[in-house]
Amino acid sequence: MAKEDVLLLDFWVSPFCSRVKIALAEKGVAYQQRGEDIFGGKSELLLKSNPIYQKVPVLLHDGKPMCESTNIVHYIDETWPSPPLLPASAYDRARARFWADFIDKKLFDAGGNIWKTKGEDQAAAKKELIQILKYLEGGLGDKDYFGGDSFGFVDIIAIPLTTWFFAYEKFGNFNVEEECPKFAAWTKRCLGRESVAKTLPDPQQVLEFVSMMRKMHGIE
């Protein structure tokens, strides 16, 4: 597969873009990357490729656009089947889709509510995030990864979101490792993978970005 056949419209701090980059790295797929100016003016290609949401990531494969990160990771897994990201059995695949959906609906928004609020609202947001992580610890069980012994689909959906945790901890005044040690251990395990370590932005830079967003929202 020639590199120019696969193009990712990207934004450096987006955990959703990181999902796509990790999935492509796991598959060994070469691709081009085009950063988008999310605040200053989105490209015509982005607006044309994702006219409904006008968001990154967008993956263009042979010029055909795919939108929404979880959907894109599914596409990558089906298009380049080796190594597989989803489990072999129908039951385990259904279970993986359940946890991916749970993460999509809950995790990023709960974290956002921590840095976007103060006082009682922030305390409630922090409590909600910790509960979500405890549910995920239950889903992980005693396994190394959500799919069992090997890094896979749900891990790819979840791990990029953890780069924002440092910011949540700073503004929410708590520690994820103290509250959810099993989840923290899973995070460290995933960060040991080359595909993850080379992709994720530095948490300090994410904190600086979130601090800027707080000012933009008038929260400071």
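Heavy atoms only: backbone and side chains are in, while hydrogens, waters and symmetry mates are out. No experiment lies behind these values; they were computed from the predicted model shown.
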NZ/NE/NH1/NH2 to OD/OE distance under 4.0 Å, E169 and K126: no
Heavy-atom neighbours of N173 CG exceed 12 at 6.0 Å: no
From K42 atom NZ to N50 atom CG, the distance as rounded to the nearest 0.5 Å: 8.5 Å
Main-chain N/O of F171 paired to Q122 side chain as donor or acceptor, under 3.5 Å: yes
Exercise: identify the closest heavy-atom pair between P201 and V206: CG-CG2, 3.9 Å
Connected via hydrophobic side-chain network under 4.5 Å: M216 and F209: yes
Pair K116 + D121: basic N to acidic O under 4.0 Å: no
Exercise: identify the closest heavy-atom pair between W115 and I219: O-CD1, 3.6 Å
Name of the residue among F151, F146, Y145 meeting ring pair (Phe, Tyr, Trp, His ring centres under 6.0 Å) with W186: F146
Pair D101 + K105, salt bridge at N-O below 4.0 Å: yes
Nearest non-hydrogen partners of E178 and P181, listed with the distance: O-CD, 4.0 Å
Neighbour count >12 (heavy atoms, 6.0 Å) for atom CG, D149: no
Close side-chain approach of F39 to M212, heavy-atom, < 4.5 Å: yes
Heavy-atom donor-acceptor pair, R34 side chain to L7 backbone, under 3.5 Å: no
Spatial distance of atom CD (E68) from atom CG (L59) [nearest 0.5 Å]: 13.0 Å
Cationic N near anionic O, under 4.0 Å, K134 to E179: no
Check: D92 main-chain N/O paired with R97 side-chain donor or acceptor under 3.5 Å: no
L8 to C17 - nearest heavy-atom pair and separation: CD2-O, 4.3 Å
K182 NZ to E177 CD distance, which is reported to the nearest 0.5 Å: 14.5 Å
Nearest-0.5 Å distance, CD1 of residue I156 to CG of residue L85: 4.5 Å
Parallel, tilted or perpendicular, as decided by the 30° and 60° cut-offs, for the rings of H61 and W80: tilted
F98 and F102 aromatic ring geometry - parallel, tilted or perpendicular at 30°/60° bounds: parallel
Whether over 12 other heavy atoms sit under 6.0 Å from F108 CZ: yes
Heavy atoms of other groups near K106 NZ, more than 12 under 6.0 Å: no
Lys/Arg N to Asp/Glu carboxylate O, K48 vs E44, below 4.0 Å: no
Audit row: I72, V58, side-chain contact (heavy atoms from CB on, under 4.5 Å) steps and yes/no: CA-CA 8 Å; I72 296 170; V58 173; 5.7 Å; no
Flag for R19-T70: side-chain donor and acceptor within less than 3.5 Å: yes
Test side-chain contact (heavy atoms from CB on, under 4.5 Å) applied to I76 and V29, step by step: CA-CA 9 Å; I76 290 167; V29 176; 5.5 Å; no
Ion pair check, D155 and R193, cut-off under 4.0 Å: no
Separation of C67 SG from L60 CG (nearest 0.5 Å): 8.0 Å
Distance, nearest 0.5 Å, that separates CD1 of I159 from CD1 of I22: 7.0 Å
